[in-house]
**Student:** 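Below is the structure I would like to discuss, written out as structure tokens.
Because the structure is predicted, anything quoted here is derived from the model rather than measured. The figures here come from the full heavy-atom set of this structure, side chains too, leaving out hydrogens, waters and symmetry mates.
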Amino acid sequence: MNLKKKTRKVLKRIKKSAFRFAKKHHTFRLFLRRLLHVKRIITYKLRSMGVKTDEKTILFSSFDGRKFSCSPKAIYQYMVNSDEFKNYNFVWAFRNPKKYKFLKNNNNTTVIKSRGKKFEKTLAKAGFWIYNYRILDHIYPKKDQVYVQCWHGTPLKKLGYDLEYTKNATNTQKEICRKYRIDAKKFTHMISPSSFASEKFISAWNLKAIGKEDCVVEEGYPRNDFLFNYTQDDVEKIKKKLKIDDTEKKVILYAPTWRDNQHVATVGFTYKTEVDFDKLREKLGDDYIILFRAHYLVSNSFDFDKYEGFIYNVSNYDDINELYIASDLLVTDYSSVFFDFANLKKPIIFYMYDYEFYKDELRGFYFDIDTLPGEIVKTDNDLIEEIFKSKTSFKIDERYQIFCDKYNYLDDGNATKRVVHKIFKDIK
């Protein structure tokens, strides 16, 4: 092993030890974070010095550069195909920009890496920032820049200032509130899909206390327009891409959320699958296949090789909307995915094996789970039973319809147009 490799190995070991120490020692963690924060602020100020804002440059980022998806994607696609914005420049920031170089074929579109000098100079230049995740703490918009926070879902589980308790492995409640407060101060617009979501966003980000409650744009979620405008040809193309187009089996999308208390130093948040996939394959394998979709914050990998042909790992698939329309049934737990999926009027099953712990110790909920648009199960056997029931007895009952009327009433296939024209109201 050469000196360079040895040095990297030693530094990695030191970093891992520091992370472990920081997780256990609150004061050291705060000191380390503040030190890094100050360093990053100074670096950003130096990099952005003298950079003038261009009101016709728009920077897009989805899930902190992890994917090309969600409302930033919907807004971008609307704008790049609109004559109203033909003179605008569109920049996408990704962690792995090589994967998305195909976007350069679109009009006036650039792809960059979502960290580093070029990224920060672009941030300083862009007149508009279109995000669906928290922007880095050390980066603040100038007075002539617009920061549009699209967020990424209607919340069931409590967020930010609304948390009464948490077993978050990396942040205390106080630290979580601080992060939300830092981001909220930067907002010029926050996209909301309903009056319920608006109310929770205002409380979770404490927007009223900082005089920002009027920044909420309640026009529906742009990302959900696709769920009203897709075609059967889209479904067939997606199934072909997923290599599930040659089967008559029903498709289950299993999309659990992350667990705040499952974290490994230098790796990130992890997820332990509690489902007995052996039992599911034995009982369901003749009639179903499963698309497994881990939450975007989950960093560990999953080995489903033994379940080839039954489980397809789609955790790295960019746009979950495409998985929705390719699926016949959703199985989830506390993830916000069911709000969007309900627009398709398909069966939803809630597998809440750790319900009491999640409700009473980890996060808590904004409303009674008895109003959810599907059955709640806590064991593998009950999950299997409900899956079979859904095949023959599913219908849009009163509970399902009431749910859609309350949370999805603004989703109609035209939310993107309304949101864009609300934000860019002065365009000619």
Side-chain angles (χ1 to χ4, degrees), residues 4-5 7-12 14-16 18-19 22 31-70 72-73 75-76 79-80 87-150 170 178-179 182-183 185-188 266-268 296-297 299 318:
K4 195 173 182 180
K5 285 184 178 179
T7 303
R8 276 203 303 264
K9 193 171 183 180
V10 170
L11 289 173
K12 188 175 181 180
I14 292 171
K15 185 179 178 182
K16 193 171 185 178
F19 270 113
F31 169 76
L32 192 62
R33 284 180 176 174
R34 285 172 184 168
L35 190 66
L36 288 170
H37 183 58
V38 170
K39 175 183 175 293
R40 288 167 180 163
I41 286 176
I42 293 171
T43 301
Y44 182 66
K45 285 186 175 180
L46 289 172
R47 287 174 174 173
S48 59
M49 195 175 293
V51 178
K52 292 183 178 180
T53 304
D54 177 6
E55 65 177 10
K56 291 195 174 181
T57 294
I58 306 174
L59 179 72
F60 296 87
S61 175
S62 182
F63 298 108
D64 196 25
R66 291 176 176 89
K67 299 181 185 295
F68 175 57
S69 64
C70 204
K73 175 184 176 180
I75 292 171
Y76 163 74
M79 296 181 76
V80 80
N87 295 321
Y88 279 70
N89 296 308
F90 310 108
V91 184
W92 270 93
F94 294 109
R95 295 189 176 198
N96 179 15
K98 289 182 180 178
K99 180 181 175 183
Y100 303 97
K101 61 183 181 181
F102 65 88
L103 289 173
K104 295 179 183 180
N105 296 324
N106 294 339
N107 294 332
N108 306 331
T109 301
T110 307
V111 176
I112 63 172
K113 191 172 180 63
S114 61
R115 293 291 187 274
K117 186 176 181 179
K118 186 174 182 180
F119 170 65
E120 295 197 345
K121 279 187 171 293
T122 304
L123 272 169
K125 177 183 178 181
F128 295 84
W129 302 346
I130 312 292
Y131 270 64
N132 77 336
Y133 189 75
R134 291 180 60 254
I135 202 163
L136 297 168
D137 286 352
H138 67 280
I139 294 170
Y140 280 81
K142 293 174 283 187
K143 288 182 179 179
D144 59 351
Q145 291 182 301
V146 176
Y147 173 23
V148 182
Q149 174 54 260
C150 300
T170 60
R178 179 179 175 275
K179 287 177 180 291
I182 289 172
D183 209 35
K185 286 181 178 179
K186 307 172 189 179
F187 296 166
T188 50
T266 73
V267 174
Y296 66 91
L297 281 179
S299 301
D318 270 81

**Student:** Once rounded to the nearest 0.5 Å, what's the spacing between atom OH of Tyr147 and atom OH of Tyr140?
**Tutor:**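 Answer rounded to 0.5 Å: 11.0 Å.
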**Student:** Do side-chain atoms of Asp318 reach the backbone of Ser69 as a donor and acceptor pair under 3.5 angstrom?
**Tutor:**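 Not a single qualifying donor-acceptor pair exists.
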**Student:** When you measure from the side chain of Thr122 to the backbone of Glu120, do you find a donor-acceptor pair of N or O atoms at a distance under 3.5 Å?
**Tutor:**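 It does not hold such a pair.
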**Student:** State whether the number of non-hydrogen atoms from other residues, nucleotides or ligands found under 6.0 Å of Lys99 atom NZ is greater than 12.
**Tutor:**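 Buried by this count: over 12 neighbours within 6.0 Å.
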**Student:** Hey, does the side chain of Arg95 reach the backbone of Asp64 with a donor-acceptor pair shorter than 3.5 angstrom?
**Tutor:**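 Indeed, once roles are kept as given, a pair shorter than 3.5 Å links the two residues.
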**Student:** Check step by step if side-chain contact (heavy atoms from CB on, under 4.5 Å) holds for Phe90 and Asn107.
**Tutor:** CA-CA 8 Å; Phe90 310 108; Asn107 294 332; 5.7 Å; no
**Student:** Nearest 0.5 angstrom please: Ile135 CD1 to Ile182 CD1, how far?
**Tutor:**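 Going from the CD1 atom of Ile135 to the CD1 atom of Ile182 covers 12.5 Å.
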**Student:** So how far is it from Lys117 NZ to Arg47 CZ, rounded to the nearest 0.5 Å?
**Tutor:**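 Going from NZ on Lys117 over to CZ on Arg47, the span is 7.0 Å.
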**Student:** Any donor and acceptor pair, going by atom type alone, linking the side chain of Lys113 with main-chain N or O of Phe119 inside 3.5 Å?
**Tutor:**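 Looks like no, no N/O pair under 3.5 Å.
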**Student:** So Phe60 and Leu103, do their side chains get closer than 4.5 Å, heavy atoms only?
**Tutor:**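 Counting from C-beta outward, Leu103 and Phe60 never come under 4.5 Å.
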**Student:** What is the distance from atom CG of Asp137 to atom OH of Tyr44, rounded to the nearest 0.5 Å?
**Tutor:**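 So the CG of Asp137 and the OH of Tyr44 are separated by 13.5 Å.
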**Student:** Would you say Lys125's side chain and Val51's backbone share a donor-acceptor pair under 3.5 angstrom?
**Tutor:**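 Here the side-chain-to-backbone pair does not exist.
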**Student:** Centroid-to-centroid, Trp92 to Tyr100, below 6.0 Å?
**Tutor:**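 No: the rings miss the under 6.0 Å criterion.
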**Student:** Is the side chain of Lys186 donor-acceptor paired with the backbone N or O of Ile139 at a distance under 3.5 Å, no angle test?
**Tutor:**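 Present.
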**Student:** Any donor-acceptor pair under 3.5 Å linking the side chain of Asn132 with the backbone of Phe63?
**Tutor:**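 Side chain of Asn132 to backbone of Phe63, a donor-acceptor pair under 3.5 Å: yes, one is there.
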**Student:** Compute whether any side-chain donor of one residue and acceptor of the other, for Thr53 and Lys142, lie under 3.5 angstrom apart.
**Tutor:**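 Side chains of Thr53 and Lys142: pair found under 3.5 Å.
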**Student:** Should we say atom NZ of Lys179 is surrounded by more than 12 heavy atoms from elsewhere, each under 6.0 Å from it?
**Tutor:**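 Correct, the count exceeds 12.
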**Student:** Could you measure the distance from the CG atom of Leu136 to the CG atom of Asp183? Nearest 0.5 Å is fine.
**Tutor:**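 Between atom CG of Leu136 and atom CG of Asp183 there are 9.5 Å.
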**Student:** Short question: side chain of Gln149, backbone of Tyr133 - any donor-acceptor pair under 3.5 Å?
**Tutor:**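 Indeed, once roles are kept as given, a pair shorter than 3.5 Å links the two residues.
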**Student:** Search all heavy atoms of Ser48 against all heavy atoms of Ala124 and return the closest pair with its distance.
**Tutor:**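 For Ser48 and Ala124, the tightest heavy-atom pair comes out as CB-CB, 3.3 Å.
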**Student:** Please check this pair: side chain of Gln145 against backbone of Leu123, looking for a donor-acceptor N/O pair closer than 3.5 Å.
**Tutor:**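 Side chain of Gln145 to backbone of Leu123, a donor-acceptor pair under 3.5 Å: yes, one is there.
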**Student:** Could you report the tightest heavy-atom contact between Ser114 and Gly65, atom names first, then the distance?
**Tutor:**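 Taking every non-hydrogen atom into account, OG-CA, 4.1 Å.
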**Student:** Drop me the distance from Asn108's CG to Asn87's CG, to the nearest 0.5 angstrom.
**Tutor:**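 Going from CG on Asn108 over to CG on Asn87, the span is 7.5 Å.
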**Student:** Heavy atoms, side chains only, cut-off 4.5 Å: are Cys150 and Ile130 in contact?
**Tutor:**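 Counting from C-beta outward, Cys150 and Ile130 do come under 4.5 Å.
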**Student:** Can you check whether Val91 reaches Ile112 side chain to side chain, under 4.5 Å on heavy atoms?
**Tutor:**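 A side-chain contact exists here, since the closest heavy-atom pair is under 4.5 Å.
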